[in-house]
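Lettering follows sequence order; numbering is per chain, from 1.
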Amino acid sequence: MTRVVVDVMLKTEISDPQGQAVLSALTKLGHQGVQAVRQGKRFELEVTDPVDEAAIRQIADTLLANPVIEDFSVHVQT
Amino acid sequence: MTASAQDVAGDLADVRIGVVTFPGSLDDGDAARAVRLAGGSPVALWHGTHDLEAVDAVILPGGFSYGDYLRAGAIASFSPIMREIIDAARRGLPVLGICNGFQVLCEAGLLPGALTRNAHLHFRNRDQCLRIEARTAWTGDFEPGAEIVVPVKNGEGRYVAGAEVLAAVEAEGRVLARYVGANPNGSSRDIAGVTDSTGRIVGLMPHPEHAVEALTGPSTDGLGFFTSILASILGARAVSTG
């Protein structure tokens, strides 16, 4: 088995009010060094070997992410 | 009732409007009631089957299908009944998605754009003024530019799309309705609903099915969506039978 991580983030042109709320909280806590926050999702898939990365990308593109508003990246952990 | 009025009522009652229930749907009962008040026959459809029961049109109701897990509407868009609805919609079956139903239609790729977390992060529940802009199978009974008041209630109702998609939706007259006055969720260009290019597949974030009776709604303006689709289907039947 191999762990495959899929990270999903809102596209940069889509505003992320949740990330902005986190930034606002950090600012109130005194963390002035943080200038921007964007919030995303992380999926950890346990996949039988050998990993078919094309199939994982299809899973991400059809279900894990909505390509209208989100980008994703696939990381096979070794 | 005169003989002709009875005929009209009989014809209306022959129109079968399916209302889908997903696990987590909330407004399927009110949608079915709105169909009945408009004179049509609501038909309950179940998410886990492939049976459209020969309906003439379908309503995807509001609620939190599959708990809104992953993204609102995402998992519902892959349910067995949605496979049939997507196929049938592409062949011309009229479909109205309300609130969560609109989210399902966007996730299914039948409508452009997506619905995201409200800009202010709060759930917003209030009576809302809308301007109806597009003439569709579901809005034919409204005068173009008509302003109506229906409830809006959502946490993830902010309509977004890429700049090119938004420009195309505007240029092609596919903005179904726009928020008038305050925008309740930060939707791009105050968009409350959109239609596909045929005017048969329509999504709307506010809830016309909650504004069909004076006793319970802020108006009866919502009824127009349900009378419109019945008239549209009867009109198409009259043409096809000649």
Q: Roughly how far, to the nearest 0.5 Å, is CZ of B/Arg71 from CG of A/Leu64?
A: 8.0 Å

Q: Heavy-atom count around A/Glu44 CD within 6.0 Å, excluding the residue itself: above 12?
A: yes

Q: Contact part of B/Ser188 toward chain A, heavy-atom cut-off under 4.5 Å: side chain, backbone, both or neither?
A: neither

Q: Go through B/Asn118, B/Leu121, B/Val160, B/Val165 and name the one with the most non-hydrogen pairs under 4.5 angstrom from chain A.
A: B/Leu121

Q: Against chain B, label A/Gln20 side chain, backbone, both or neither, depending on which of its atoms sit under 4.5 Å from a heavy atom there.
A: neither

Q: Given that the side chain runs from C-beta out, which part of A/Lys41 has a heavy atom under 4.5 Å from chain B: side chain, backbone, both or neither?
A: side chain

Q: What are the two closest non-hydrogen atoms of B/Ala119 and A/Pro17, and how far apart are they?
A: O-CB, 3.3 Å

Q: So which heavy atom on B/Ala114 is nearest to which on A/Asn66, and how close?
A: CB-ND2, 3.9 Å

Q: Is there side-chain contact between A/Gln39 and B/Arg117, with heavy atoms separated by less than 4.5 Å?
A: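 With C-beta onward as the side chain, the pair stays apart.
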
Q: Which heavy atom in B/Leu70 sits nearest to a heavy atom in A/Phe43, and how many Å separate them?
A: CD1-CZ, 3.4 Å

Q: Between B/Phe78 and A/Leu63, which heavy-atom pair has the shortest distance, and what is it?
A: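 In this case the closest contact between B/Phe78 and A/Leu63 is CE1-CD1, 3.5 Å.
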
Q: Would you give the length of the straight line joining atom CZ of B/Arg158 to atom CD1 of A/Ile14, rounded to the nearest 0.5 angstrom?
A: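 Going from the CZ atom of B/Arg158 to the CD1 atom of A/Ile14 covers 7.5 Å.
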
Q: Should the heavy atoms of other residues, nucleotides or ligands under 6.0 Å from CZ of B/Phe123 be counted, would the total exceed 12?
A: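 More than 12 heavy atoms, drawn from other residues, nucleotides or ligands, come within 6.0 Å of this atom.
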
Q: Does B/Arg83 CZ have over 12 foreign heavy atoms under 6.0 Å away?
A: no

